[in-house]
Amino acid sequence: MRLATWNVNSVKARLPRLLEWLAEARPDVVCLQETKCAAEAFPVAEVGELGYEAAAHGDGRWNGVALLSRAGLADVTPGFPGEPGFGELDSVGAARPEARAIGATCGGIRVWSLYAPNGRTVDSPHYAYKLAWFAALRDALVPELAAGPLVACGDYNVAPTDADVWDPALFVGSTHVTPPERRALAELRDLGLTDVVPTPMKGPHPYTYWDYRAGMFHQNKGMRIDLVYASADVAGQVRSAYVDREARKGKGPSDHAPIVVDLER
DNA sequence: ATGCCTATCGAGGATAGA
């Protein structure tokens, strides 16, 4: 089974690139993030022509996650139990969750496509929201992991180590590298999840994101913030994994590259 | 190292991303 995860930064704007990439890489299961489209606006027919079933969870303008599969797509779950929201409070004092998680069972694996909150700055309410979201995700994954094989893929918006950012000194005091964010990842791994680190196609660092500006991709000044966290049984079946930096090149790319994982199953 | 890009909504400029 070939599994992939990709923050496409708008599925509408990226549709030609996405379809081209699907036809070439031919993954069996794909986790998409930042689709930036409502569930009913997701290009189901277009990916269907390539043989994929699709499940989308969307807010419209922001966020949005989806799953594509040609290995079955059952028990689709938009969001997870206890997922915190952000913004205006409803009558019972709760904020509506954003479209940041979707799960489904594909080919015998429970697959989650995740888009963690950015956090903005450490003194922002968005940062507290980010940490609360990770804590709730951890709790929600406990019963999921007990049930069988699982992968939680996506844009975690956290660089696990200083080696995962091109210049750690520039990031001191910024989000994506703070100890509480890294602890949140460690707590997920403590549940029994393994960080499936992909092979970079170029250079020593498996970066998955490069800013659009100032020739960052060209200079390979990137970050590894897209992650594949696999349960022990799935991690043991990983044959290979790589960052497809070719997909970051050319006209109209996403600012993230896909991660492709080949499993012995 | 922020908003020098990019995308969205909507018709200009605000909001968001990491």
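In what follows, chains are A, B, ... by sequence order, proteins preceding strands, each numbered from 1. Owing to the predicted nature of the structure, the values given are computational and were not obtained by experimental measurement.
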request  = Identify, between A:N7 and A:R61, the residue whose nearest nucleotide on DNA chain B lies closer to the 5' end.
outcome  = A:R61

query = If you measure only the distance, is there a donor-acceptor pair under 3.5 Å linking the side chains of A:E98 and A:W133?
reply = no

ask   = So what does A:D155 touch, heavy atoms closer than 4.0 Å: a base, only the sugar-phosphate, or nothing?
value = sugar-phosphate

Under the side-chain hydrogen bond (donor to acceptor under 3.5 Å, both in side chains) test, residues paired with A:E246 that sit two or more places apart = A:K249

inquiry  = Under a 3.5 Å cutoff, is there a donor and acceptor pairing between the side chains of A:D164 and A:H205?
reply    = no

task = Give one of base, sugar-phosphate or nothing for A:D211, where a contact means two heavy atoms less than 4.0 Å apart.
result = base

A:E34 or A:S174, whichever maps to the more 5' nucleotide of DNA chain B = A:S174

task = Verify the ring-centre separation between A:F171 and A:H176: is it less than 6.0 angstrom?
result = no

task = For B:dG12 and B:dA1, measure between their P atoms and round to the nearest Å.
result = 35 Å

key: Segment of DNA chain B, first to last nucleotide, that comes within the 4.0 Å heavy-atom reach of chain A   = B:dA1 to B:dA18

Distance between P atoms of B:dT2 and B:dG13 (Å, rounded) = 26 Å

request  = Please lay out, stage by stage, how A:N118 and A:K130 fare under the test side-chain hydrogen bond (donor to acceptor under 3.5 Å, both in side chains).
outcome  = CA-CA 7 Å; A:N118 172 289; A:K130 181 178 194 174; 5.8 Å; no

inquiry  = Once you apply a heavy-atom cut-off of 4.0 Å, does A:Y209 come out as touching a base, just sugar-phosphate, or nothing?
reply    = sugar-phosphate

inquiry  = Please classify the nucleic acid contact of A:S10 as base, sugar-phosphate, or nothing, using heavy-atom distances under 4.0 Å.
reply    = sugar-phosphate

inquiry  = Does A:H126 reach a base, just sugar-phosphate, or nothing at all? Heavy atoms under 4.0 Å.
reply    = nothing

ask   = Should A:D255 and A:R213 count as an ion pair when the cut-off is N to O under 4.0 Å?
value = no

request  = Sticking with atom P, work out how far B:dG10 lies from B:dA16, rounded to a whole angstrom.
outcome  = 15 Å

ask   = Without hydrogens or angle criteria, can the side chains of A:Y212 and A:N9 be said to hold a donor-acceptor pair below 3.5 Å?
value = yes

query = With rounding to whole Å, what would you report as the distance between B:dC4 and B:dA14 at their P atoms?
reply = 13 Å

message = For a quick check of understanding: with a heavy-atom distance under 4.0 Å over all strands, which category does A:Y115 fall into, base, sugar-phosphate or nothing?
response = sugar-phosphate

